[in-house]
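Computed from heavy atoms alone, side chains included, the values below leave out hydrogens, waters and symmetry copies. Per chain, numbering begins at 1; letters A, B, ... match sequence-line order.
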2 protein chains.
Amino acid sequence: MSDQSNDPATQDGSLAARGKPRVYQNTVKRLAFSILKGDFPAGHVLPPETDLCDKLGISRSALRESVRALKDKGMLIARPRHGTIVQPRSAWHLLDADLLNWSMEVDPDAEFVFSLFEARQVIEPAAARLSAMRATSGDIEAMEAAFADMSAAKAAGDFQRFNEADIAFHLALLRATSNVVFIQLSNMIGTALAIAFRMSIARAHEPGESLSQHGDLIEMIRARDPIGAENVMTRLLAVAGIDLGLSNRGPSKS
Amino acid sequence: MSDQSNDPATQDGSLAARGKPRVYQNTVKRLAFSILKGDFPAGHVLPPETDLCDKLGISRSALRESVRALKDKGMLIARPRHGTIVQPRSAWHLLDADLLNWSMEVDPDAEFVFSLFEARQVIEPAAARLSAMRATSGDIEAMEAAFADMSAAKAAGDFQRFNEADIAFHLALLRATSNVVFIQLSNMIGTALAIAFRMSIARAHEPGESLSQHGDLIEMIRARDPIGAENVMTRLLAVAGIDLGLSNRGPSKS
DNA sequence: GTCAAGTAATAGTCTGACTAATGAGATGGG
DNA sequence: CCCATCTCATTAGTCAGACTATTACTTGAC
């Protein structure tokens, strides 16, 4: 809930940029949540700009910048005479960093959670494989640092910190692929992990064998064993999937 | 180069929305290309808003909406007193639909092309597998329609149309996964295919066995054979990789 | 009933001013 | 001479109100 997190680790250049909160930021978030929570369903026409300005107590230029941002995320479309219309979910840019953060705060949405996890099952084993081929010493150090943090957090019983270190580990692994596309998917993977954490604390669940698997992963990468790394990651995700109650619907036939 | 394509197939809710060109759109594109082409390198501070308005001959509100869009794409960052600063490529949201389109028009950028293709090698075989498990009759019809179009285009020697039909085929396959994350990656896959087309026409290359492989793929999906579909897609991409001159650096050991 | 012209509603654009954040320089005390 | 503090200039952020362009709807003629 630390809205103005000033840790330099946050590399997402979206909202939450350092600095005092601005009118624009508040308005974007307010409108976005109204849409996400269903107060403004798909197809809903929101009030004319001038009316909406009065209602929100802001100027038209500030409102327009907010609407611009939501239009660029595919959530709104504006046409003269028609007004500004809420788009259906299918049109949203669900991998947008802000949208991922917002979705996490309101809407578990089983289908989306499943899609995120299934995407992880596809992408992360491949990422592990590529990391084993290309990771630099700096990449490996980043993963080791995250792993050490995971260990310390588990020893301390600090689940929150464990989750953050877990995310840091997986993002470091993505970075180690040197593939810009996978690196761009960091937000998606991070969100998937954060959601998984929320769901697992709801079941009073604890790390379990996850930690040792992360250790094995580092070993495989350090040993430059692509196949081994891929296999460990696949197993790691299988365990995570069971924890989530997502019996993965037969991605590999038995 | 049909800038205002009015075909209803374009589902991207980004720019290029139907309607007459607006001041805002022109300005975004103009600024974006200045950055992409390197006229405004990373770290460059662009002129104060008032000056820039004069230079571009537009009002400040129009400029600010343009800058807002580019900030949301991670290309710019603005701070009072400092000005508006061009961000390094690493901060850009490279999977943004607009950014993908723009990148394609100016910058082949070997590393990015390789990353795109490598991502295809990871995602598309899995997508083929999932499609074989879940594709509806409507999904299969869409793929068959695209395949028929590919065949006709090849017969007519129309490479441009062949490429468009090829893209339509792969997007239909992604849609058939019913996985929203993969569907969101349509823009990335489509761009990768469009770039591949541009590179292959530069080598005066023609479809070759690609067509029959797409046919096999439909057969596997219709037969509900996930493993078979995955294998066909893997082979299809291997051929495409050779055409591109990208000797894929050992994703699967021999 | 069909088609055309006119009208009203709305987003898009322009202008110009004021506010707030912030780095750099000036000022003062130690 | 060095350091903390204050002041100020610069710039993005916000506000206000007007005008323009687009387009659905209405009205009227045929």
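- Take B:His44 and apply the side-chain contact (heavy atoms from CB on, under 4.5 Å) test, not counting sequence neighbours, and it matches B:Phe40, B:Pro41, B:Leu46, B:Val86.
- Heavy atoms of B:Thr50 sit nowhere under 4.0 angstrom from any nucleic acid atom.
- In terms of phosphate contacts, A:Arg64 brings no side-chain nitrogen or oxygen within less than 4.0 Å of OP1 or OP2 of C:dA11.
- Considering only residues two or more places apart in sequence or on other chains, B:Glu144 meets the side-chain hydrogen bond (donor to acceptor under 3.5 Å, both in side chains) condition with B:Arg222.
- One can place CZ of B:Arg68 at 16 Å from P of C:dG12, the figure rounded to the nearest angstrom.
- Looking at the side chain of A:Arg22, the nearest of the listed nucleotides D:dT11, D:dG13, C:dT13 is D:dG13.
- Sorted by first then second residue, the side-chain hydrogen bond (donor to acceptor under 3.5 Å, both in side chains) pairs that include residues 176-185 of chain A, not counting sequence neighbours, are A:Asn179-B:Glu118.
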Under 3.5 Å, which donor-acceptor pairs link side chains of residues 162-172 of chain B to any protein atom two or more places apart or in another chain?
unit_1: B:Asn163; atom_1: ND2; unit_2: B:Leu193; atom_2: O; d: 3.4
unit_1: B:Glu164; atom_1: OE2; unit_2: B:Gln160; atom_2: NE2; d: 3.0
unit_1: B:Asp166; atom_1: OD1; unit_2: B:His170; atom_2: NE2; d: 3.2
unit_1: B:Asp166; atom_1: OD1; unit_2: B:His214; atom_2: NE2; d: 3.0
unit_1: B:His170; atom_1: ND1; unit_2: B:Glu124; atom_2: OE1; d: 2.8
unit_1: B:His170; atom_1: NE2; unit_2: B:His214; atom_2: NE2; d: 3.0

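- A straight line from CG of B:Leu52 to P of D:dT11 spans 13 Å, rounded to a whole angstrom.
- What separates CG of A:Leu76 from C1' of C:dA11 is a distance of 13 Å, to the nearest Å.
- In this structure, B:Glu65 atom CD and D:dT14 atom P are separated by 13 Å, rounded to whole Å.
- A salt bridge links B:Asp149 with B:Arg161: at least one charged nitrogen is closer than 4.0 Å to a carboxylate oxygen.
- Between the C1' atom of C:dA9 and the CG atom of A:Asp51 lies a distance of 11 Å, rounded to the nearest Å.
- Within residues 54-63 of chain A, the residues having any heavy atom closer than 4.0 Å to DNA chain C are, in order of number, A:Arg60.
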Which pairs, protein N/O on one side and nucleotides 24-27 of chain D N/O on the other, fall under 3.5 Å?
unit_1: D:dA24; atom_1: OP1; unit_2: A:Arg79; atom_2: NH2; d: 3.1

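- Rounded to an integer number of Å, the gap from B:Glu49 CD to D:dT14 C1' is 11 Å.
- Both cation-pi conditions hold for B:Arg68 and A:Tyr24: the charged atom is under 6.0 angstrom from the six-membered ring centre and inside a 45 degree cone around its axis.
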